[in-house]
2 protein chains.
Amino acid sequence: MTSADYAEGISSTPRAKRGPSKKGEAARRELLAAAEKCLRKYGYGGISTRQVAMVADAPMSQIHYHFGSKQGLLLALFEDLNSRLLHRQTLMFASDLPLWRQWELACDYLDEDLASGYVRILNELAAAGWSDREIGDAVRKAVSGWKHLLTNVARRAEERFGGFGPLDPEDVAALVSSVFLGAEMNILSGHENPDVPVRRALRRFGALIRQFEENAAKGE
Amino acid sequence: MTSADYAEGISSTPRAKRGPSKKGEAARRELLAAAEKCLRKYGYGGISTRQVAMVADAPMSQIHYHFGSKQGLLLALFEDLNSRLLHRQTLMFASDLPLWRQWELACDYLDEDLASGYVRILNELAAAGWSDREIGDAVRKAVSGWKHLLTNVARRAEERFGGFGPLDPEDVAALVSSVFLGAEMNILSGHENPDVPVRRALRRFGALIRQFEENAAKGE
DNA sequence: ATTTAATTCGGTCGATCGACCGATATTTTG
DNA sequence: CAAAATATCGGTCGATCGACCGAATTAAAT
């Protein structure tokens, strides 16, 4: 057998299946951390299982044992990263801060994620997903998660202070998701090119939300 | 000599430098077209000079002769594509159509570019540019071109019907550029996932612009 | 026409990659 | 303590890649 998490089919034979041991889990995490480091350094196209194994100080065969293949490793890494980010963002939006404050916090997170390299990894995997069916499915699932989160936020905002003209909550969510995604790409592509003031524009848009929000509060 | 476009240094020796011949130019275009086709099929990470040469029905050595290296080929391809798109968009915005019509046309172009595969290629090269200095520089230069175009449009709009609150033209350009860039990524990542209505949202935002624009016209 | 540059061509080289195997060691279960 | 499942290890294999070379061919300029 090559990997621990293969066929979970109906066990007609009462074999004594056993889960991964503590050491196994630890090694798995070690490899994921190493892969993340390599992905930051070399990008999705440049990453190699040899480099990952080198950084993790383990033989290459560990990767194939724990993840089945190079792609399995990258897929596991992506799902790990995305669930972390989505969870954090969900917590933030669940707070009862005013909307403009939540927008500001989202801007803070954007800076954080850019500095840590997360955004770049997510974008690179998205690009890879256009050529690779399995990665593409994973990315689509992730995007869907973000979309649901933002749609809920937009729905709550609509209840609190009326609609957005011709835009319904799904539209607002799509636009907001797009503007942040695009902002991240803009910043990443031109990080030494200060004449595309994306951050400033996002912050000022937050100020716009604040005006609108506080006027609506007075109106009640 | 390996390539025709190397040292253009001061020719102290009156050597009879000669430009590329007609056949040379034709071969160059042939290779670029083949590279574009391969990039669509295999993505930036999966492309190989062998495949490109195969599609162009030419030996690999042609690529290195005309472009110096694989990277040289991809760089030339990127600049070719980008200049085509930027030129088209510049012409469109130079028309004296009302702003909301120009926005609608931009939406049409977006659909066009997505269908033709252009957007995907540009995004993949942007991702590659994060790991590769030279490609990164090319992408930055391209982004800068788009930014100038959009800033000019925003400036004209500001003159026509007042400012955008706390947002100055640079901010508007940054936001618009971001929202289209992000929309393209959203659509590409989830083209079989119809529950992220990016296109509809962009069109409806165009309707919003129209309301604003026509109200401003009445006010004068 | 002759000379010189530009171009085409087939073939090869070293490097790197992901996958895989068999043997061994470790842990967990009965 | 066994016996079974899980985990680790070093090493090798075939495939593919980009780059490069020298010789032959074609086109352009004098």
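Order of the sequence lines fixes the chain letters, A, B, ..., with proteins taken first and strands second; residue numbering starts at 1 for each chain. Worth saying up front: this structure is predicted, and the values here are computed from it rather than measured.
Rounded to an integer number of Å, the gap from A:His66 NE2 to D:dT8 P is 4 Å. What separates OH of A:Tyr65 from P of D:dT6 is a distance of 7 Å, to the nearest Å. Following rounding to the nearest Å, B:Lys70 (NZ) and D:dT16 (C1') show an atom-to-atom distance of 11 Å. Atom CE of B:Met54 and atom C1' of D:dC17 are 13 Å apart (whole Å). Atom CG in B:Leu73 sits about 10 Å away from atom P in D:dA19, given to the nearest Å. In this structure, the CG atom of B:Leu74 is 12 Å from the C1' atom of D:dG18, given to the nearest Å. Straight-line distance from the CD atom of A:Gln71 to the P atom of C:dC20: 13 Å, rounded to whole Å. When rounded to the nearest whole Å, the span between CG of B:Asp132 and P of D:dG18 equals 14 Å.
Outside the 6.0 Å centre-distance limit, the rings of A:Trp130 and B:Tyr44 are not counted as a close aromatic pair.
Looking at heavy-atom distances under 4.0 Å, B:Ile47 makes contact with sugar-phosphate atoms alone, never a base. Residue contacts for A:Ser48: at a heavy-atom cut-off of 4.0 Å it reaches the sugar-phosphate backbone alone, with no base atom in range. If you check every strand for non-hydrogen atoms under 4.0 Å, A:Ala27 touches sugar and phosphate atoms only.
Taking 4.0 angstrom as the limit, A:His64 places none of its side-chain polar atoms (N or O) nearer than this to OP1 or OP2 of C:dC20. Look at B:Gln62 and you'll find a side-chain N or O under 4.0 angstrom from OP1 or OP2 of C:dC9.
Applying the salt bridge (Lys or Arg N to Asp or Glu O under 4.0 Å) definition to pairs two or more places apart or across chains, those involving residues 58-81 of chain B are B:Asp80-B:Arg84.
You won't find any donor-acceptor pair under 3.5 Å spanning the side chain of A:Ser61 and the base of D:dG11, going by distance alone.
In summary, A:Arg101 and A:Glu104 engage in a salt bridge, as defined by a charged side-chain N under 4.0 Å from a carboxylate O.
Between atom CD of residue B:Glu36 and atom CG of residue B:Leu77 there is a gap of 6.0 Å, rounded to the nearest 0.5 Å.
Of the two residues near DNA chain C, A:Ser69 and B:Asp57, the one whose nearest nucleotide lies more 5' is B:Asp57. Along DNA chain D, the nucleotide nearest to A:Ala58 and the one nearest to A:Arg50 differ in position, and the one closer to the 5' end is contacted by A:Ala58.
Side-chain proximity of A:Met60 to D:dT6, D:dG11, C:dT12: nearest is D:dG11.
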Could you check A:Leu74 against A:Phe67 for side-chain contact (heavy atoms from CB on, under 4.5 Å), going step by step and ending with a plain yes or no?
CA-CA 9 Å; A:Leu74 294 173; A:Phe67 301 98; over 6 Å; no

